[in-house]
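Here the structure is laid out as structure tokens; the discussion comes afterwards.
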Amino acid sequence: MNQVTEQAVLDQLKHIVDPDLRKDIVTLGFVKDLTIDGGDVSFRIVLTTPACPVKEAFETEARQLVGALDGVRSVRVVMDAEVPKGRGISGNMALPNVKNIIAVSSGKGGVGKSTVAVNLAVSLALDGAKVGLMDADVYGPNVPLMLGLADQQPSAFNGQITPLEAHGVRMISMAVLAPADKPMILRGPMLHGIVRQFLTDVNWGKLDYLIVDMPPGTGDVQLSLAQLVPVQGAVLVTTPQTVSIADVRRALKMFETVAVPTLGVIENMSYFVPPDMPEKRYHIFGEGGGSRLAAEYNVPFLGEVPLGLEVRESGDAGVPVVIAEPDSPQAKAFRKVAEEVARQVSIEAMKPELQIVSRAG
Ligand SMILES: Nc1ncnc2c1ncn2[C@@H]1O[C@H](COP(=O)(O)OP(=O)(O)OP(=O)(O)O)[C@@H](O)[C@H]1O
Ligand SMILES: [Mg+2]
């Protein structure tokens, strides 16, 4: 019987190519802890997104490829994920424990930013990631309501605020720090101070993703965030309407000027599926606006989320639709969008490695 070598195993695994990063998993450094004990081979494959769509295919392929080697008796593959730290270049305050900051923004109000931010955060947590959600809508904070945390108050520990937690997501919001019945009048510098406090005075712990729910428009909060910290990317929410799309265009430009890459466009309220006629789709606000916009600006289209009573009802009840009605078309759409966001984040993050790899090879 042949002696199985490390090189032989790696040569086999080199046949597995990551479709997004377009390199093989050995070159990308995804194969870890390879041990060979006689004919028993074991290793981990560490992917860059928690709910990688190719996970199962990779596992099967790895098992078959290595199993086909002469002398191999058993193959043990452990599939794992490690979200890479983004290389955002905006702002210079380092947050060493936070790997990726993602801003959920839009040009216009009421298009579903907060709903998207909440369901995105919970979906990523369901996929196994460590997730924080920062409600940066200082004037109209409604994330706590959507997460069922509206009547809770965060505690302090060692001079830092401990974020509240629901559905696996750590959250901070002005709504749980300031009494709701007091109107807030804040000038630019004060807003800047609040954003800074949310970032530095909150004990977020280790996070794969910090999702930031932005106020509507292109104002001080957006600029403060970008000036303070490296933001890995912005996702822009729109409805299919042209009015809204013109506003998204403005948001896209703004992020460009502060060196925040646009990870992509999410179209919300895309169409309505009548519960009694699930085969029907009504395009109430028009059709295809989000994907056209994404194509025009050469940014990824991250998906569309249909209108549904479940979304609003579960939001009002404090249990996001991805938890309350996981089989609804809306929940499935949100889960898919989250997968796509994670995918774009790791593509952005892996860009330098890809350059080094291509220079070397
Ligand atoms: N896909 C959807 N289906 C049904 N209702 C939705 C959907 N998305 C959002 N909504 C509802 O639309 C309303 C506005 O959503 P949301 O508060 O998330 O928007 P927003 O963009 O954050 O608003 P603002 O600009 O005020 O912050 C909410 O009542 C929400 O429940
Ligand atoms: Mg909002």
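All ligand and atom numbering here is 1-based and tracks the order in the structure. Because only heavy atoms are used, hydrogens play no part in the values below, and waters and symmetry mates are left out as well, while side chains stay in.
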Checklist entry - Would you say R63 has more than 12 foreign heavy atoms packed within less than 6.0 Å of its CZ? => result yes

Checklist entry - Quick check: are there more than 12 heavy atoms from other residues, nucleotides or ligands sitting under 6.0 Å from NZ of K253? => result no

Side chains of [X] and [Y]: closer than 4.5 Å at any heavy-atom pair?
X    : Y    : result
L28  : M350 : yes
E339 : P53  : yes
H167 : L147 : yes

Atom pairs, nitrogen or oxygen, ligand 1 to protein, under 3.5 angstrom:
unit_1: ligand 1; atom_1: 1 (N); unit_2: N268; atom_2: OD1; d: 3.0
unit_1: ligand 1; atom_1: 1 (N); unit_2: P306; atom_2: O; d: 3.1
unit_1: ligand 1; atom_1: 3 (N); unit_2: G308; atom_2: N; d: 3.0
unit_1: ligand 1; atom_1: 3 (N); unit_2: G308; atom_2: O; d: 3.4
unit_1: ligand 1; atom_1: 8 (N); unit_2: N268; atom_2: ND2; d: 2.9
unit_1: ligand 1; atom_1: 18 (O); unit_2: S114; atom_2: N; d: 3.4
unit_1: ligand 1; atom_1: 18 (O); unit_2: T115; atom_2: N; d: 2.8
unit_1: ligand 1; atom_1: 18 (O); unit_2: T115; atom_2: OG1; d: 2.5
unit_1: ligand 1; atom_1: 19 (O); unit_2: G112; atom_2: N; d: 3.0
unit_1: ligand 1; atom_1: 21 (O); unit_2: G110; atom_2: N; d: 3.3
unit_1: ligand 1; atom_1: 21 (O); unit_2: V111; atom_2: N; d: 3.1
unit_1: ligand 1; atom_1: 21 (O); unit_2: G112; atom_2: N; d: 3.0
unit_1: ligand 1; atom_1: 21 (O); unit_2: K113; atom_2: N; d: 2.9
unit_1: ligand 1; atom_1: 21 (O); unit_2: K113; atom_2: NZ; d: 2.8
unit_1: ligand 1; atom_1: 22 (O); unit_2: K113; atom_2: N; d: 3.4
unit_1: ligand 1; atom_1: 22 (O); unit_2: S114; atom_2: N; d: 2.8
unit_1: ligand 1; atom_1: 22 (O); unit_2: S114; atom_2: OG; d: 2.9
unit_1: ligand 1; atom_1: 23 (O); unit_2: G110; atom_2: N; d: 3.1
unit_1: ligand 1; atom_1: 25 (O); unit_2: G110; atom_2: N; d: 2.9
unit_1: ligand 1; atom_1: 25 (O); unit_2: K113; atom_2: NZ; d: 2.8
unit_1: ligand 1; atom_1: 27 (O); unit_2: D137; atom_2: OD2; d: 3.4

Next on the checklist: Between D213 and K113, is the salt bridge (charged side-chain N to carboxylate O under 4.0 Å, His left out) condition met? List the steps.
Outcome noted: CA-CA 7 Å; D213 180 25; K113 280 180 303 302; 6.0 Å; no

Checklist entry - How would you list, by chain and number, every residue that makes a side-chain contact (heavy atoms from CB on, under 4.5 Å) with E287, sequence neighbours excluded? => result H283

Item to check | Polar protein atoms near the Mg ion (ligand 2) [N, O or S; cut-off under 2.8 Å] | outcome: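 As for protein N, O or S atoms lying under 2.8 Å from the Mg ion (ligand 2), they are S114 OG.
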
Checklist entry - With sequence neighbours left out, which residue pairs that include part of residues 31-42 fulfil the salt bridge (charged side-chain N to carboxylate O under 4.0 Å, His left out) condition? => result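 The answer is D33-R44, D40-R73.
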
Item to check | Any donor-acceptor N or O pair under 3.5 Å, side chains E340, Q344 | outcome: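 Yes, side-chain donor-acceptor contact under 3.5 Å.
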
